[in-house]
Every structure is written in C-alpha cells, then in structure tokens.
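Read through the structure below, which is laid out as structure tokens, and then see the notes.
Letters A, B, ... mirror the listed sequences (proteins, then strands); counts begin at 1.
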There are 2 protein chains.
Amino acid sequence: MSLRYGLLDLLAGEPMSGYDLARYFTLSMGNVWPAQHSQIYPELAKLASEGLITQTGEGPRGRKVYQTTPAGVEAIRAWLRASERDYSVRYEALLRVFCLWVLPTDEALAYLQRDRAEYERHLDQLEKALANHDWAASPASRASRLAIEFGRRFYKMHIEWVDWAAEQIAAGTLKPGGPLPPVTAVG
Amino acid sequence: MSLRYGLLDLLAGEPMSGYDLARYFTLSMGNVWPAQHSQIYPELAKLASEGLITQTGEGPRGRKVYQTTPAGVEAIRAWLRASERDYSVRYEALLRVFCLWVLPTDEALAYLQRDRAEYERHLDQLEKALANHDWAASPASRASRLAIEFGRRFYKMHIEWVDWAAEQIAAGTLKPGGPLPPVTAVG
DNA sequence: GTTTGACATGTAATTCTTGACACGTCAAGC
DNA sequence: GCTTGACGTGTCAAGAATTACATGTCAAAC
C-alpha cells in the first residue's frame with residue numbers, strides 16, 4: 001500500500017508521466033521504497049480508476065501525464081493520520097554482515113571494502129542530487145529535501161560504521177577466541 | 001532468497017527450533033530483515049529437504065531443533081561470494097516523510113515526535129540487547145554484534161535527524177514561501 | 001478440574017514485488 | 001535510408017511476504 005501514496009505524493013507536487021515517475025522515484029523515494037515501472041504503470045491505472053489521480057495531458061510516444069486530484073491529496077492525509085505506521089526496515093546488505101564470520105578474515109575485510117565503495121557512491125549521488133535539484137521549488141520539494149538529508153546522514157554513518165567494523169574484524173573479532181568489539185561512545 | 005541465508009546463519013551458530021528462530025530473528029536480523037513464523041516454518045522444511053540443515057533434536061510440544069550442515073555453511077559462503085549484492089532499502093517510515101508537506105505544520109511536527117519516540121524505543125531495545133546477551137560467545141555472535149552496532153548508530157542518527165527536521169518544519173519549510181533547509185555539515 | 005498464557009508448528013489465501021517479455025515512437029548520427 | 005539509443009507504456013508469470021486461520025501441548029495459577 002505504500003507505493004500508491006508515494007505516487008500520489010509525487011503527482012501532487014507536480015504533474016508527471018509514469019516514465020518520469022519511474023526515474024524520479026529512483027532518485028528520491030527509491031532510496032527508501034524501490035519500485036519498478038512494471039509496478040508503477042498498473043498502480044497508476046488503478047489510482048486513475050479510483051479518481052485519486054487524473055490524466056491532465058499527453059505527449060509524444062503515447063506519453064500520459066497524470067496529476068493528483070483533491071481526493072488524492074486527502075487520501076495521503078488519511079494515510080498519514082489513520083493507518084498504522086510500519087517501522088520495519090528491509091536491508092539485505094546488512095543481513096549479510098551477520099554472515100561474515102563464515103568467511104576468512106581477509107575475505108570478510110575485502111567484502112566490506114566493496115560495500116564501502118558502494119556507500120560512497122550512494123553518498124555522492126545524494127550530494128549531487130542536493131546540488132543539482134531546486135529543493136526550494138515547492139513544499140513537496142522541501143519535504144523531499146528533508147528525506148534526502150536523512151539519506152545523506154545514513155550513508156555517512158554507514159561509511160563510519162564500515163571503517164569501525166573493518167577494524168574489529170582486522171583485530172580478529174570474527175575468529176574463535178578473538179576479541180569482543182567494545183561498546184563505543186557514538187554521537 | 002535472503003531469509004534462507006539468515007536462517008542458515010543462525011542455525012550454523014547454534015541449534016534452534018523454528019520458534020526460537022522467530023523470536024531470535026526479531027531481536028537481531030529482524031531489524032534489517034523482518035520475517036514471520038509463517039514464512040520461517042516452510043523455509044525450514046525446504047532447507048531440510050535440500051540437506052542444508054538437519055533436525056538434531058526434539059523437545060516438548062512437537063519442538064524440532066535444527067542445525068546447519070557443512071553443506072549449509074558452504075551455501076552461505078557461496079551466497080556471500082557469488083550472488084549480486086542488493087543494496088536497496090525498504091523503509092516505509094521514511095517514505096512517509098516525503099508526504100509530510102500535505103499536513104499542517106503542527107500536525108507534521110506531532111507526527112515526527114511520535115516517530116521519535118519509536119526510534120528511542122528501538123535504540124533502548126538495542127542497548128538492552130547489547131547489555132544482556134553474551135556477544136563474545138562465538139564468532140557468529142560477534143558478527144551479530146557488529147550488525148547490532150550498526151542498528152545502534154542508525155537509531156542515534158535517526159533521532160538527531162528527527163530533531164533537525166523538526167526544527168526545519170517549525171521554521172516553516174513545508175509551507176509555501178518557507179525557507180529551504182540548509183546543507184549542514186554532518187559527521 | 002479448569003482456565004489462562006506461553007510454547008510450538010503448521011497451512012491457505014491474498015497481496016506485493018520482481019524480472020522477463022512485448023510493443024511502438026522519435027531524434028540524431030552515420 | 002538505416003541504425004542506435006533514449007523515450008514511453010504496458011502485461012504476465014513466478015516468487016516473496018503478510019495476514020488470517022488452524023491445531024495442539026504443557027505448566028502454573030485459581
């Protein structure tokens with residue numbers, strides 16, 4: 001049920017096509033709620049049939065531009081207000097960390113370094129998005145800005161954590177009789 | 001495909017029943033990969049039929065204790081080494097932040113404060129887990145320790161971010177003509 | 001004795017998500 | 001004229017995940 005509200009939100013901010021949504025989603029909401037176009041198009045059709053969005057224009061190559069209706073905005077409000085909040089996180093990259101002890105120490109370290117490069121990439125991408133996009137354009141943009149900031153802090157923290165974890169592993173934490181990682185002060 | 005490796009990993013660390021797994025999962029891996037017992041039991045049956053785990057004991061009330069076989073451990077290694085890494089994050093709580101601009105400022109602030117309490121709760125729970133569990137017991141435990149530390153930093157960062165976002169919203173960021181959140185130095 | 005609550009394992013229907021397939025348009029470069 | 005690549009919309013089958021259903025055991029409190 002989350003995807004639909006993401007779409008409603010983006011289309012309330014500015015009119016867009018499914019194609020645009022698929023791309024824009026990847027850059028903003030896609031960081032916390034991935035969605036493929038194969039999921040987006042059917043959902044748009046459904047939202048339109050429920051009157052929560054309307055097609056307000058068309059373009060070349062069958063392009064269809066949608067926009068959220070007042071009823072659609074009200075649906076977002078109802079969702080925020082009434083539905084139970086789901087705080088669960090799904091993050092495979094971290095699940096894999098639980099398993100690292102089955103690898104030799106050097107391989108585990110190499111594993112984390114590859115992850116680290118990925119987090120640097122994500123961070124760069126967010127910094128670029130912060131620099132290139134006009135985040136003052138509208139209330140919707142400024143809300144996105146807040147969420148993007150979360151991503152920025154997330155990846156910064158992530159990189160720091162990788163370095164810390166690598167230290168621990170290098171010290172032999174994952175091998176029998178190795179030292180226990182200390183409870184360090186953070187923040 | 002991730003769940004099975006989570007189960008293999010836990011059962012490689014120590015023998016457990018499906019019931020134990022469901023509870024233990026919630027406390028550790030569940031923070032990054034939620035799973036219900038209705039998904040765990042069928043997966044255990046499948047893993048057993050593939051020879052990646054074996055039932056090594058039983059207890060009262062039909063309790064079945066499983067353990068990962070050497071082939072199962074090898075399957076974890078193959079997964080870590082060969083399969084494509086998935087860095088995607090699914091986190092509804094953050095998706096909702098993108099939508100906050102449709103609420104009045106005071107309601108958006110109240111919304112975030114309720115979230116904040118939840119993150120405090122998560123942080124407390126992780127700190128308790130760190131204090132109460134013996135994380136030196138085995139290489140598997142010490143790997144978990146590293147992942148739990150990630151969660152700890154995650155929720156600390158999360159709370160700091162909420163406070164920052166609340167400041168921005170209080171300053172009127174989400175309303176037409178409001179100020180743009182600044183790019184602040186972090187870390 | 002019986003009730004309550006934690007222990008314990010499963011199945012079934014529905015919904016969500018992914019990945020592959022499928023089709024067609026338009027502009028630019030060769 | 002043709003090819004390439006981005007644009008653009010969609011469907012379908014398979015797999016993953018959630019929710020509700022379903023059943024039964026055991027110990028302790030009443």
Side-chain angles (χ1 to χ4, degrees), chain A residues 1-8 10-11 15-27 29-50 53 55-66 79 83-92 95, chain B residues 1-8 10-11 15-27 29-50 53 55-66 79 83-92 95:
Chain A
M1 289 306 286
S2 303
L3 172 63
R4 67 169 18 208
Y5 297 105
L7 298 176
L8 282 174
L10 289 177
L11 293 176
M16 259 186 270
S17 68
Y19 188 82
D20 294 336
L21 282 166
R23 270 191 326 177
Y24 193 66
F25 218 83
T26 302
L27 292 172
M29 294 175 177
N31 287 303
V32 293
W33 199 268
Q36 311 296 319
H37 77 273
S38 59
Q39 207 181 352
I40 291 173
Y41 286 117
E43 192 64 42
L44 286 175
K46 218 178 149 203
L47 286 170
S49 81
E50 293 173 35
I53 62 175
Q55 192 183 333
T56 58
E58 49 190 305
R61 294 167 245 198
R63 175 186 172 88
K64 296 178 187 173
V65 176
Y66 295 97
W79 179 59
S83 74
E84 265 187 50
R85 305 189 192 179
D86 176 4
Y87 292 99
S88 68
V89 178
R90 204 170 278 279
Y91 191 23
E92 197 199 85
L95 179 67
Chain B
M1 288 305 289
S2 303
L3 172 63
R4 68 170 18 209
Y5 297 105
L7 298 176
L8 282 174
L10 288 177
L11 293 177
M16 258 187 271
S17 69
Y19 188 84
D20 294 336
L21 282 166
R23 270 191 326 177
Y24 193 67
F25 220 82
T26 302
L27 293 172
M29 294 176 176
N31 286 302
V32 293
W33 199 266
Q36 312 295 321
H37 77 271
S38 59
Q39 208 183 350
I40 291 172
Y41 285 118
E43 192 63 43
L44 286 175
K46 219 177 147 202
L47 287 169
S49 80
E50 293 173 34
I53 62 175
Q55 192 183 331
T56 60
E58 50 192 301
R61 295 166 246 199
R63 176 186 172 87
K64 297 177 188 175
V65 176
Y66 296 97
W79 179 61
S83 76
E84 264 187 49
R85 304 186 193 181
D86 176 4
Y87 291 99
S88 68
V89 178
R90 202 171 280 280
Y91 191 23
E92 198 200 84
L95 179 68

Study note, to complete from the structure: Those residues at least two apart in sequence (or on a different chain) that pass ring-ring contact (aromatic ring centres under 6.0 Å, His included) with B:Trp33 are none
Check your understanding: Between which nucleotides of DNA chain D, read 5' to 3', does contact with chain A run, using atoms under 4.0 Å from its heavy atoms?
Key -> D:dA6 to D:dT18
Check your understanding: So, do B:Ser88 and A:Glu92 sit near enough that their side-chain heavy atoms are less than 4.5 Å apart?
Key -> no
Point to revise | Between CH2 on residue B:Trp79 and CD on residue B:Glu84, distance to nearest 0.5 Å | key: 13.5 Å
Kindly list each side-chain donor-acceptor pair under 3.5 angstrom involving residues 36-48 of chain A, sequence neighbours excluded, with atom names and distances?
unit_1  : atom_1 : unit_2  : atom_2 : d
A:Tyr41 : OH     : A:Tyr19 : N      : 3.4
A:Glu43 : OE2    : A:Arg4  : NE     : 3.1
A:Glu43 : OE2    : A:Arg4  : NH2    : 3.2

Practice item. Check side-chain hydrogen bond (donor to acceptor under 3.5 Å, both in side chains) between B:Ser83 and all other residues, then give those that pass, not counting sequence neighbours. Key: A:Arg96
Check your understanding: Is there a side-chain contact between A:Phe25 and A:Leu7 (heavy atoms, below 4.5 Å)?
Key -> yes
**Study point:** Annotated protein contacts, base or backbone, on nucleotides 13-24 of chain C with a non-hydrogen cut-off under 4.0 Å, one of B, S, - each
**Key:** ---SSBBB----
Check your understanding: With sequence neighbours excluded, what pairs up with B:Gln55 under the side chain to side chain contact (heavy atoms under 4.5 Å, CB included) test?
Key -> B:Glu58, B:Lys64, B:Tyr66
**Study point:** Residue mapping more 5' on DNA chain C - nearest nucleotide basis, A:Pro60 or B:Pro60
**Key:** B:Pro60
Check your understanding: Using a cut-off of 4.0 Å on non-hydrogen atoms, how would the nucleic acid contact of B:Arg23 be classed: base, sugar-phosphate, or nothing?
Key -> sugar-phosphate
Revision key, fill the gap. Sorted by chain and number, sequence neighbours left out, side-chain hydrogen bond (donor to acceptor under 3.5 Å, both in side chains) with A:Thr56 holds for none
Practice item. Rounded to 10°, tell me the angle between the two end axes of the helix from C:dG1-D:dC30 to C:dC30-D:dG1, each built from five pairs. Key: 10°
Revision key, fill the gap. With sequence neighbours left out, the residues meeting salt bridge (Lys or Arg N to Asp or Glu O under 4.0 Å) with B:Asp20 are B:Arg23, B:Arg63
Review point. Which residue, A:Gly62 or B:Asp20, contacts DNA chain C at a nucleotide closer to its 5' end, judged by nearest heavy atom?
Key: B:Asp20
Practice item. Let me know the distance between CD of B:Glu43 and P of C:dG10, rounded to the nearest Å. Key: 13 Å
Study note, to complete from the structure: Applying salt bridge (Lys or Arg N to Asp or Glu O under 4.0 Å) to B:Arg61 and not counting sequence neighbours gives none
